Amino acid sequence: MSSVGCYCLLFVFVSVCYWVPSGCYANGKVTEACGDMEPKHGAPAQTTQSPYHLTTNTSTFSPGDHIQVILSGTPHFNGFLLQARDASSQGSASTTGSFNLTNPHRTQLLTCNNQQGSAVSHTSEERLTEVVVVWNAPKDAPSEVQFFVTVLQHYNLFWVKLPGPIIYHHGVTPRPPQSTTTLPPIQTTTSSLLPGPFTSDSCGQSKSCLLDPAGCDPKDPHCFFLSMTTEGPNKTSVMFELSGPAEGYVSFALSWDAWMGNDDVYMCVKDGDRVSVSAAFFSGRTHPEDQTQAGLSSVSWRLADGTIQCRFSRPVKVANQEPGRYDLDQEYFLFLASGHAQYGKIWKHNQQPLVSVHRKCITGPSEVLTGSRGPTIMKVHGALMLFAWMLTGSVGTFIASFYRHDWANQTLYGQKVWFQVHRGLMTLTVMLTIVAFSLPFFYRKGWSKHAGVHPYLGCCVVALTLIQPITAVFRPRPDSHRRYLFNWAHWGLGSLTEILAVVAMFLGTHQSSLLLPQPWTTHVLIGYVTWLASFRFMLLIHKHLNIKKALGPDDIQEIHSNQSEPSSRGSFKKSLILAALALGNSGFLIALLSSIADI
């Protein structure tokens with residue numbers, strides 16, 4: 001029992017770690033990209049002219065020669081992957097030769113195609129403007145060798161497999177320069193600036209809208225706005241407008257259900273002083289996959305007045321070359337999310353996505369949609385926990401602490417009234433706690449990795465809640481000399497459980513899956529704790545004065561150790577106090593339940 005309490009107290013002081021993204025392969029271990037040299041960052045490679053270039057100190061070589069290769073350019077770059085390949089076999093991904101490093105602190109050797117040291121990459125996200133390495137020509141070197149490099153200016157801005165110089169074996173006649181490029185063709189879409197901010201005037205008339213909060217103005221930086229308008233005489237395309245706070249990105253998704261996963265996603269991401277618009281696919285609760293601009297047209301954006309806004313169109317029917325896209329003449333739940341971004345790389349959304357309350361056919365009649373950021377199952381979890389520890393548990397502990405002697409001579413079904421009421425309320429508290437505790441596991445389908453210390457406190461509360469009735473079954477008889485030890489232990493364990501439950505309530509109101517309005521919710525909880533402490537202090541003073549009045553000083557210590565006091569003459573007044581306590585607790589509880597219902 002004591003070890004459980006120690007663990008619980010330890011969890012209270014565990015610091016909360018928040019999820020932030022880290023750049024993929026920040027340490028340069030990019031062997032997975034050896035073949036196609038793609039960084040796998042979920043964003044399309046640049047097709048514009050690269051500011052970086054490769055040079056060598058010679059155009060010819062012999063087996064065993066050491067050739068200096070230099071990668072340089074500005075602005076600085078954070079990562080790269082350099083290889084040498086057979087220039088006569090353009091489609092081959094086989095590397096040739098090996099490299100030596102001139103600066104092992106900034107660069108490292110990689111093993112590609114089972115050839116040790118056949119590629120070079122960065123060692124960290126340190127900013128670089130020049131890299132110098134030495135290539136060793138092998139004995140079986142091909143007659144023509146070309147160097148290729150992938151360069152990352154930052155996470156979302158990179159050039160893939162840039163062709164470098166070709167060096168020739170001595171005696172080989174150089175080929176004439178080619179006019180073609182080795183860069184793979186990537187379908188892109190042009191974008192322009194929006195002429196002005198969005199408006200919600202036509203919502204429900206010529207377009208469907210989803211707004212949070214309901215009825216807000218898209219010009220407001222705190223307003224989340226999504227509109228859908230069918231285009232063309234045959235409704236062959238849909239224009240989307242998306243708006244939200246300019247903290248990083250806003251996105252929406254089309255989902256078959258109200259759970260994240262297998263979703264068609266569209267994102268407007270802030271990248272410096274510009275906005276990139278792209279489509280992607282979520283197979284689960286992970287980073288978006290297959291990010292692309294294919295299929296999007298008439299793209300425009302605006303970044304001003306604290307808002308990020310973008311507009312684009314896409315066909316109703318999905319083309320065969322666009323995997324992960326859904327037809328728009330079907331019914332879907334709509335997800336609306338936002339969060340921070342860095343260099344065009346999105347972070348995990350900082351609050352629960354807004355989910356439409358019902359499915360919507362995108363090409364259907366115009367309507368104003370409503371949504372909720374609180375999943376129903378998590379709302380029930382919060383409501384049950386609050387009911388258990390703000391009302392039934394709280395009142396039950398007060399009755400055991402201060403009312404056992406006021407109702408000492410009254411019985412109910414063969415037991416004292418205070419005991420029956422206390423046992424009934426605490427049994428209900430245990431049942432509500434167990435049910436509420438299980439609901440997040442059904443929702444998350446496992447343990448939540450980003451909920452901080454809150455789930456650990458919940459485990460402690462449940463463990464201690466179950467221990468209390470078990471120990472009560474084995475309590476000593478009232479006339480046993482060990483009964484006072486049980487009384488103190490039972491009271492102490494119950495007090496610890498109640499304290500941990502209150503701490504868990506404070507932390508629970510900040511959870512992304514049930515984010516209640518702040519700081520109002522915190523102020524309500526502070527008011528509840530103050531209200532509870534005031535009644536406890538008042539009844540403790542009342543109890544002490546009654547004991548002091550009824551007994552002499554020599555008997556006070558014995559009374560305290562036995563947790564007993566003589567019957568109070570003001571039992572009616574104390575009953576009124578208990579009623580006031582229950583009504584006050586109910587008021588605070590209703591205030592929090594109304595907040596849960598509104599999200």
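Note that the numbering runs from 1 along the sequence shown for the chain. These numbers were taken from a predicted model, which means no experiment stands behind them.
Closest approach of Val151 to Phe77, counting heavy atoms only: CG1-CB, 3.6 Å. Nearest heavy atoms, Ile362 versus Thr230: O-CG2, 4.5 Å. Between Gly382 and Ile596, the closest heavy-atom pair is C-CD1, 4.0 Å. The two atoms that bring Arg85 and Ser94 nearest to each other are CG-O, 3.6 Å, heavy atoms only.
Residues Phe312 and Trp301 keep their aromatic ring centres 6.0 Å or farther apart.
No side-chain N or O of Thr307 forms a donor-acceptor pair with one of Asp305 less than 3.5 Å apart. With no hydrogens or angles considered, no side-chain donor-acceptor pair links Ser595 and Trp520 at under 3.5 Å. Side-chain contact of Gln46 with Ser50: a donor-acceptor pair under 3.5 Å is absent, judged by distance alone. Using a 3.5 Å distance cut-off with no hydrogens or angles, the side chains of Glu231 and Ser237 do pair a donor with an acceptor.
The distance from atom CG of Asp217 to atom OG1 of Thr199, rounded to the nearest 0.5 Å, is 7.0 Å. The CG atom of Leu211 sits 5.0 Å away from atom SG of Cys223, with the distance rounded to the nearest 0.5 Å. Atom CD of Gln153 and atom OH of Tyr52 lie 3.5 Å apart (nearest 0.5 Å). Within the model, atoms OG of Ser200 and CD of Gln205 stand 10.5 Å from one another, a figure rounded to the nearest 0.5 Å. With rounding to the nearest 0.5 angstrom, the NZ atom of Lys207 is 6.5 Å from the CE atom of Met239. Of the inter-residue distances, the one linking Leu428 atom CG with Thr433 atom OG1 reads 9.0 Å to the nearest 0.5 angstrom.
Side chains of Val160 and Phe158 form a contact here, defined as non-hydrogen atoms less than 4.5 Å apart. Side-chain contact check for Thr521 versus Leu592: some heavy-atom pair is nearer than 4.5 Å. A heavy-atom distance below 4.5 Å is not found between the side chains of Phe225 and Val250. Ser313 places a side-chain heavy atom less than 4.5 Å from the side chain of Ser298. Within the 4.5 Å cutoff, the side chain of Thr509 has no heavy atoms near those of the Gln511 side chain. Under the 4.5 Å side-chain criterion, counting only non-hydrogen atoms from C-beta, Arg311 is in contact with Phe198. No side-chain heavy atom of Met385 sits under 4.5 Å from any side-chain heavy atom of Met505. Between Phe588 and Met390 the shortest side-chain heavy-atom distance falls below 4.5 Å.
Listed for the Asp264 side chain is no donor-acceptor partner under 3.5 Å among the backbone atoms of Ala253. In this structure, Thr150 contributes its side chain and Met37 its backbone to a donor-acceptor pair below 3.5 Å. Between the side chain of Thr429 and the backbone N or O of Gly393 there is at least one donor-acceptor pair closer than 3.5 Å. Using a distance-only test at 3.5 Å, with no hydrogens or angles considered, a donor-acceptor pair links the side chain of Asp327 to the main chain of Val318. The closest donor-acceptor contact from the side chain of Arg325 to the backbone of Pro315 lies at 3.5 Å or more, if one exists at all. Looking at His122, its side chain does come within 3.5 Å of a backbone N or O of Phe80 through a donor-acceptor pair. Within the 3.5 Å criterion, the main-chain N or O of Leu128 finds no donor-acceptor partner in the side chain of His76. Checked by atom type and distance alone, the side chain of Gln309 never pairs as donor or acceptor with a backbone atom of Gly244 at under 3.5 Å. The main-chain N or O of Cys112 is found under 3.5 Å from a side-chain atom of Ser118 such that the two form a donor-acceptor pair. The closest donor-acceptor contact from the side chain of Ser208 to the backbone of Glu367 lies under 3.5 Å.
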Step by step, would you call Trp389 with Tyr528 a ring pair (Phe, Tyr, Trp, His ring centres under 6.0 Å)?
-> CA-CA 11 Å; Trp389 293 102; Tyr528 162 74; over 10 Å; no

Can you check ring pair (Phe, Tyr, Trp, His ring centres under 6.0 Å) on Phe252 and Phe335, steps first, answer last?
-> CA-CA 5 Å; Phe252 74 92; Phe335 284 61; over 10 Å; no

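Salt-bridge formation is not detected for the pair Lys270/Glu247: no Lys NZ or Arg NE/NH1/NH2 atom is positioned less than 4.0 Å from an Asp or Glu carboxylate oxygen. Salt-bridge annotation for Lys317 and Asp329: present, with a side-chain N of the basic residue lying under 4.0 Å from a carboxylate O of the acidic one.
Qualifying side chain to side chain donor-acceptor pair (under 3.5 Å) partners for Ser255, counting only residues two or more places apart in sequence or in other chains: Asp257, Asp263. Taking Asp212 as the reference, Arg373 meet the salt bridge (Lys or Arg N to Asp or Glu O under 4.0 Å) condition, with sequence neighbours excluded.
Applying the 6.0 Å contact sphere to NZ of Lys379 captures more than 12 heavy atoms from other residues, nucleotides or ligands.
When each of Val462, Val502, Val503 is paired with Leu457, the side chain to side chain contact (heavy atoms under 4.5 Å, CB included) condition holds for Val503 and for no other.
Classified by interplanar angle (parallel below 30°, tilted 30° to 60°, perpendicular above 60°), the ring pair Tyr326/Tyr332 is parallel.
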